[in-house]
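Heads up: the structure comes next, in structure tokens.
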Amino acid sequence: MENKVKSRFAPSPTGVLHIGGARTALFAWLFAKSHQGECFLRIEDTDLERSKPEHTQAIIDGFSWMDIQFDDEVFYQSDNKEKHLTAVQQLIDSNQAYFCNCSSERLDKLRTEQQKEGLKPKYDGKCRELGLIEGSDTVVRFSNPQEGSVQFDDLVKGVIEISNNELDDLILIRSNGSPTYNLCVVVDDMEMSITHVIRGDDHINNTPRQINIFRALQAKEPVYGHVPMILGEDGKRLSKRHGAVGVSEYQQLGVLPEALKNYLVRLGWSYGDQELFDHEELISKFKEGNINNSPSAFSIEKLSWFNKEYISKVDSELLLSQLSNMNSGFSEDEYSLSVLELIRDRCSLMNDFSKESEYFFNEVEDYDSKAVNKFINEQAVNLLTELLEELKNIASWKSHDIQLSIEQILSKHEVGFGKIGLPLRIALTGSTNSPSIDKTAEVLGRKVVIERIDKAIKVFS
RNA sequence: GUCCCCUUCGUCUAGUGGUUAGGACACCUGGUUUUCAUCCAGGCAACAGGAGUUCGACUCUCCUAGGGGACGCCA
């Protein structure tokens, strides 16, 4: 029990829940769960300028939508400020941190000069040996070791080694007294007894700094696993110009949470040739699978495919209740249910249901002109007129009987199904694409069908 | 610029010294279907390049190129 795996996801609430962040979180969570461990959510809200409560809420909502349940309460980094400060004091006391009064002007100048010389910009350690005391404009810097290197065995990347002279004396406390990111992360991870840090590989460069702080604090660093980032469809860094980047945007697009989750996990993780995993399977198989170590490009098409798979699995009633909450035209009644069952296998996104069902819930206003030109002529109108009479007197309004009526007319005139099927489809739906026309007619109901045929005859005569 | 990470079909990936390099999405062809979609069958398509190591390299090493990331009193 002592060795229970504890991981965390630590977003800063400065924007929407990013799709890449969601995937990283999923990995961290799955890693913990597949080891019977715990995973926590920690909001890194120390940037007061940009942190917003609504962003925190959006993050929490996003995870609850995806059914990723973190253990314990949500942690807020800002709640832990005292501990951060105490840790820094400990470092100062043990001579592993010092006050620095270099101005940002000097720092800027230093940086540009170093860059010009082709060097890596970093603090030159000017105040390191000065023994300054705290002042109104001082910051606290960490005395990073100057010799040797930091090595760690990354769960996904393998051994990574970074020389200490690549690292500079980073700021631990700003001149306004607030602690900085790298310090907070270390203190919080210690505080929460985090054993495994699973995060994006954009943090690889922070890792040796954080390890040095852990060691200076005489603590043991956790195990790290850096998962590669997600790229846009074009292989470039994922950004707004690629379209939707927020989890909520996919929610609005009509992506099912299970589908998004499955897709996101498969993006960079694999378990042989298997594509579809349910929630339980993900947990049980995650650690047996393989995390890829190269970045992967996001593909909305593949996501759609996953979504289609999930749509085909969910129960109609459940689907209907979701749809009726979505302003889709559907409501929880018999009619909507039969529409849904008729069109469900034509839809890959939830939003497709609105498009595919339009003529079930609205009058047909326009007819597809291309289809009209091709299939509507005098003969078609005559056939429709005949069919109309037939349907008015049909005994039972069932697809089978409707089909019989159609066939009867067809054989009388010795023409193929298309001669009347297509015009009928145009009359009922406005276009030539729809589910089988007899079933469509059945669901639409006798009254509507007769009205629409009648209207079409008038329009096309 | 400096440092770090990465490189198998267009995309997601399997592969861990000897394979006809497999699967999925997309695409193409054919079949089923009253249309479209579904579904079924088939097809196209990849080891970034160059040196090594080895009897033998997609698999190991090095170099090059390309991509990504980090270099803040942001997180």
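Chain letters run A, B, ... following the sequence lines, proteins first, then strands; residues in each count from 1. Worth saying up front: this structure is predicted, and the values here are computed from it rather than measured. Computed over heavy atoms, backbone and side chain alike; hydrogens, waters and symmetry mates excluded.
- Here A:Ser436 does not reach the OP1 or OP2 of B:rU34: none of its side-chain N or O atoms lies under 4.0 Å away.
- We find that A:Asp47 and A:Arg50 are joined by a salt bridge, their nearest charged nitrogen and carboxylate oxygen being less than 4.0 Å apart.
- One can place OH of A:Tyr76 at 17 Å from C1' of B:rA75, the figure rounded to the nearest angstrom.
- Using a 4.0 Å heavy-atom cutoff across all strands shown, A:Pro121 reaches at least one base atom of the nucleic acid.
- Taking atom CD1 on A:Ile291 and atom C1' on B:rC5, their separation rounds to 15 Å, with Å as the unit.
- Proximity note for A:Asp202 (side chain, C-beta onward) versus B:rU38, B:rA14, B:rG69: the nearest is B:rG69.
- Here B:rU35 is the nucleotide among B:rC3, B:rA75, B:rU35 with the atom lying nearest to any side-chain atom of A:Thr432.
- Among the nucleotides B:rC12, B:rU34, B:rA75, the one closest to any side-chain atom of A:Asp438 is B:rU34.
- Within the nucleic acid shown, A:Cys100 has no heavy atom closer than 4.0 Å to any nucleic acid atom.
- The side chain of A:Asn205 places no N or O atom within less than 4.0 Å of a non-bridging phosphate oxygen (OP1 or OP2) of B:rC4.
- With B:rA70, B:rC6, B:rU13 as the choices, the nucleotide that has an atom nearest any side-chain atom of A:Asn293 turns out to be B:rC6.
- For A:Lys398, the NZ atom is loosely surrounded, since the number of other residues' heavy atoms within 6.0 Å does not exceed 12.
- Looking at A:Asp169 and A:Lys122, no side-chain N of the basic residue comes within less than 4.0 Å of a carboxylate O on the acidic one, giving no salt bridge.
- Between B:rC3 and A:Asn165, no contact under 4.0 Å exists linking OP1 or OP2 to a side-chain N or O.
- Of the charged side-chain nitrogens involved, at least one lies within less than 4.0 Å of a carboxylate oxygen, so that A:Asp124 and A:Arg106 count as a salt-bridged pair.
- Remark: P of B:rC71 and CG of A:Asp168 are 11 Å apart, rounded to the nearest angstrom.
- Going from the C1' atom of B:rU59 to that of B:rA21 covers 11 Å, rounded to whole Å.
- Taking the C1' atom of each, B:rC27 and B:rA65 are spaced 30 Å apart, rounded to whole Å.
- Contact between the side-chain N/O atoms of A:Lys236 and the OP1/OP2 oxygens of B:rG68 is found at a separation under 4.0 Å.
- The residue A:Pro435 sits close to a base: some heavy atom pair falls under 4.0 Å.
- Nucleotides B:rU19 and B:rG30 have their P atoms positioned 36 Å apart, rounded to a whole Å.
- Among the atoms of the strands shown, only primed sugar atoms or phosphate atoms (P, OP1, OP2) are found under 4.0 Å from some heavy atom of A:Ser296.
- Taking atom P in both B:rA57 and B:rG50, the straight-line distance is 14 Å, to the nearest Å.
- The C1' atoms of B:rA41 and B:rU33 are separated by 16 Å, rounded to the nearest whole Å.
- Evaluation of atom-type donor-acceptor distances gives a pair under 3.5 Å for the side chain of A:Ser175 against the base of B:rC73.
- Remark: the A:His226 side chain and the A:Asn293 side chain contain no N/O donor-acceptor pair separated by less than 3.5 Å.
- The partner of B:rG66 is B:rC6, judged by Watson-Crick or G-U wobble contacts that both fall below 3.5 Å.
- Regarding A:His55, its NE2 atom lies at a distance of 14 Å from the C1' atom of B:rA75, rounded to whole Å.
- Across every strand in view, B:rU29 sits in a pair with B:rA41 that passes the Watson-Crick or G-U test at under 3.5 angstrom.
- Centroid-to-centroid, the aromatic rings of A:Phe277 and A:Trp269 come within less than 6.0 Å.
- At a threshold of 4.0 angstrom between heavy atoms, the contacts of A:Ser270 are confined to the sugar-phosphate backbone, with no base atom among them.
- The phosphate of B:rC3 (OP1 or OP2) has no side-chain N or O of A:Ser163 nearer than 4.0 angstrom.
- Under the Watson-Crick or G-U wobble criterion, with both distances below 3.5 Å, B:rC55 is paired with B:rG18.
- Base pairing of B:rU34 is not made with any nucleotide, judged by Watson-Crick or G-U wobble geometry with both donor-acceptor distances under 3.5 Å.
- Using cut-offs of 30° and 60° on the angle between ring planes, the pair A:His279 and A:Trp29 is tilted.
- Distance A:Glu233 CD to B:rU11 C1': 8 Å, rounded to the nearest Å.
- Of all nucleotides present, none satisfies the Watson-Crick or G-U wobble test against B:rC73 with each distance under 3.5 Å.
- To the nearest whole angstrom, the two C1' atoms, one in B:rC55 and one in B:rC71, are 48 Å apart.
- Side chain to side chain, A:Asn101 and A:Asp137 fail the donor-acceptor criterion of an N or O pair below 3.5 Å.
- Among the heavy atoms of the strands lying under 4.0 Å from A:Arg237 are primed sugar atoms or P, OP1, OP2 only; no base atom is included.
- A salt bridge (charged side-chain N to carboxylate O under 4.0 Å, His left out) with A:Asp168 is found for one member of A:Arg209, A:Arg141, A:Lys120, A:Arg128 and no other, namely A:Arg209.
- Spacing between atom CG of A:Asp189 and atom P of B:rA75 amounts to 15 Å, rounded to whole angstrom units.
- Counting any heavy atom pair closer than 4.0 Å across all strands shown, A:Asn206 reaches a base atom.
- The same atom, P, is picked in B:rG42 and in B:rU8; the two are 28 Å apart, to the nearest Å.
- Counted by atom type alone, A:Tyr310 and A:Asn262 present one or more donor-acceptor pairs between their side chains at under 3.5 Å.
- At a threshold of 4.0 angstrom between heavy atoms, the contacts of A:Ser312 with the nucleic acid are absent.
- Residue A:Ile204 is classed as a sugar-phosphate contact, given heavy-atom separations below 4.0 Å to backbone atoms only.
- Comparing B:rU34, B:rU7, B:rA75 against the side chain of A:Tyr181 picks out B:rA75 as the nearest.
- Two residues, A:Glu117 and A:Arg425, neighbour RNA chain B, and the one matched to the more 5' nucleotide by heavy-atom proximity is A:Glu117.
- The pair A:Glu275-A:Lys302 meets the salt-bridge criterion, since a charged nitrogen lies less than 4.0 angstrom from a carboxylate oxygen.
- Comparing the P positions of B:rG23 and B:rG43 gives a spacing of 9 Å, expressed to the nearest Å.
- Using a 4.0 Å cut-off between charged nitrogen and carboxylate oxygen, A:Arg42 and A:Glu44 count as a salt-bridge pair.
- No engagement by A:Gly200 is indicated, since no non-hydrogen atom pair under 4.0 Å with the nucleic acid exists.
- Contacts of A:Asp45 with the nucleic acid, taken as non-hydrogen atoms under 4.0 Å apart, are absent.
- Among the atoms of the strands shown, none is found under 4.0 Å from any heavy atom of A:His226.
- Remark on RNA chain B: of its neighbouring residues A:Gly118 and A:Arg50, the 5'-side contact belongs to A:Gly118, judged by nearest-heavy-atom nucleotide.
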Pick out the pairs of N or O atoms, protein on one side and nucleotides 20-31 of chain B on the other, that lie under 3.5 Å.
unit_1: B:rG22; atom_1: N2; unit_2: A:Asp273; atom_2: OD1; d: 2.8
unit_1: B:rG23; atom_1: N2; unit_2: A:Glu275; atom_2: OE2; d: 3.3
unit_1: B:rA24; atom_1: O4'; unit_2: A:Glu275; atom_2: OE2; d: 3.3
unit_1: B:rA24; atom_1: O2'; unit_2: A:Lys302; atom_2: NZ; d: 3.4
unit_1: B:rA24; atom_1: N3; unit_2: A:Lys302; atom_2: NZ; d: 3.0
unit_1: B:rC25; atom_1: OP1; unit_2: A:Trp305; atom_2: NE1; d: 3.3

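- Regarding A:His84, its NE2 atom lies at a distance of 19 Å from the P atom of B:rC73, rounded to whole Å.
- Atom CD1 in A:Ile230 sits roughly 17 Å away from atom C1' in B:rC5 (whole-Å rounding).
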